[in-house]
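Naming convention: chains lettered A, B, ... in sequence-line order (proteins, then strands); numbering from 1 in each chain. Keep in mind the model is a prediction, meaning the values are calculated, not measured.
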There are 2 protein chains.
Amino acid sequence: MRSYHQYCALAKALDILGDRWTLLIVRELLIRPCRYGELQEGLPGVASNLLATRLHHLEESAVVRKAADGRYELSAWGRQLAEPVQALVRWGAPLMDRRGKDDAFQGRWLALLIELIFGGVDAARPPFVAEIRADGQAVTLESAEGRVVFRPGAAAAPNLVLTGPADAVVGLLSGRLDRAGAQAEGVSVLGDADTLARLRRPDWLSGPEACREA
Amino acid sequence: MRSYHQYCALAKALDILGDRWTLLIVRELLIRPCRYGELQEGLPGVASNLLATRLHHLEESAVVRKAADGRYELSAWGRQLAEPVQALVRWGAPLMDRRGKDDAFQGRWLALLIELIFGGVDAARPPFVAEIRADGQAVTLESAEGRVVFRPGAAAAPNLVLTGPADAVVGLLSGRLDRAGAQAEGVSVLGDADTLARLRRPDWLSGPEACREA
DNA sequence: CTGCATCCGGGCCGATACTG
DNA sequence: CAGTATCGGCCCGGATGCAG
């Protein structure tokens, strides 16, 4: 990308990150180190040459490094992008209330949203295991010792299993939909859905408070 | 911009913000509401048609609104971009250690960096007024009641006046350079430079700790 | 099969001219 | 002052090729 040639930290950051696809590559690498092919899977629609070019730029910029096993991974500096990316996810979260009909979805993308809604440590959180099958892709959300962690794949002994279309499941996770509302949108709720709400961050707001207007 | 067509909050946010120049327009509007011409000043190099197109998109997306006086301003949702933008500024701050020879500079861009370095409330902060003349553009940094505020323009009765090239002044503000180092880079220091350091946030790190490598 | 490089059509970007 | 119009060029998107 052409540099903005501005002596401003935001412009400098965007000189590195502002190209199309670049921040989505970072998203994938924040979730886990990736092979080239895994990145292609995780970035539906990216052109092969663009992916290669972006990765080279990110390597030159010391954001991404190629590990010994051939995987791409973030450098220490690159991992610090977790904050700005999470902030963008928080800002964009209200946009998740409607899913475009052509929108692709991957279960692991829930990792960012779950970190946003259930992040932090809170000793008052009860232990809990939820299995989430959004668009048929299973991921697990496990609360233990006050902390909620995300894992890909199914759970062994879940207290709750949510199955349904991704947007309805996200609505239930975020609190935009209640149990009845989510079921009306095609979510099957098996087990203890009430405890899930108690796991949310106290400062997590959804609905109209997260004003998208005015 | 073409949508990424991904049901992911980051992708949705970038569908709105990902175009070239868009986040820099938001930067200007975070600093103050702007007329079209002021935006052009604040965004050296932007093509007029692009600026108009971006503003229209941002209005459609309910991020920007045109006020009664003809100025453009952020909506409530748009103002919430302060967090992701500040996070990007924090991430990009290490890149401010070197200034490209063609880099433009505007005094008001220091507002974001100053908010980063001196933000928050800390009752232990002494009252203080610093006038900063970076590249000949005067801005004022005033500490009062534990809070540091940024204002454009010169100060009436400053405790400290820093004059010099923008990169050296930024080096001194951020702590990357000490008084002697900054003077070696052409900064003239008039008054109490030591108190300035006591105004910084305790969690503000500069130098090698803000790792850009490894 | 994975991990890219090459090629080409189309759309976005950049610079400037122009208008109300 | 506040945009709109225009055009060349570069970046992006999609398909294909190819080497380890």
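A parallel orientation is assigned to the rings of W91(B) and W77(A), their planes being inclined by less than 30° (bins at 30° and 60°).
Protein atom CG of D69(A) is 14 Å distant from nucleotide atom C1' of dG3(C), rounded to whole Å. Between H57(B) atom NE2 and dG11(C) atom P the separation is 15 Å, expressed in whole Å. The CG-P distance, from L50(A) to dC12(C), rounds to 14 Å in whole Å. Rounding to whole angstrom units, CG of residue L24(B) and P of dC13(C) are separated by 13 Å. Rounded to an integer number of Å, the gap from CD of Q40(A) to C1' of dC1(C) is 12 Å.
When ring centroids are compared, Y4(A) and W21(B) come within the 6.0 Å threshold.
Atom CD of E38(B) has more than 12 heavy atoms from other residues, nucleotides or ligands within 6.0 Å. E142(A) CD: more than 12 foreign heavy atoms inside a 6.0 Å radius. Few gaps surround CZ on R32(A); more than 12 heavy atoms of other groups in view lie less than 6.0 Å from it.
No contact: G70(A) has no heavy atom under 4.0 Å from any strand. Residue contacts shown for A52(A) are limited to sugar-phosphate atoms, with no base heavy atom under 4.0 Å away. Nucleic acid contact class of R54(B) (heavy atoms, under 4.0 Å, all strands): sugar-phosphate only.
The side chain of N49(A) lies closest to dT6(C), out of dA5(C), dT6(C), dG14(C).
With E73(B) as the fixed residue, the salt bridge (Lys or Arg N to Asp or Glu O under 4.0 Å) test singles out one of R35(B), R79(B), R65(B): R65(B).
Nearest-nucleotide assignment on DNA chain D puts the 5′-proximal partner with G37(B), out of W21(A) and G37(B). Where Y72(A) and V46(B) each meet DNA chain C at their nearest nucleotide, the meeting point lying more 5' is that of Y72(A). Toward the 5' end of DNA chain C, the nearer of the two residues G45(B) and R2(B), judged by each one's closest nucleotide, is R2(B).
Close to dG3(C), at under 4.0 Å from its OP1 or OP2, lies no side-chain N or O of K66(A). The phosphate of dC12(C) has neither OP1 nor OP2 within less than 4.0 Å of any side-chain N or O from R20(A).
Here the range on DNA chain D touched by chain A, meaning any atom under 4.0 Å from one of its heavy atoms, is dC12(D) to dG14(D).
The shortest distance between side-chain heavy atoms of L81(A) and L74(A) does not fall below 4.5 Å.
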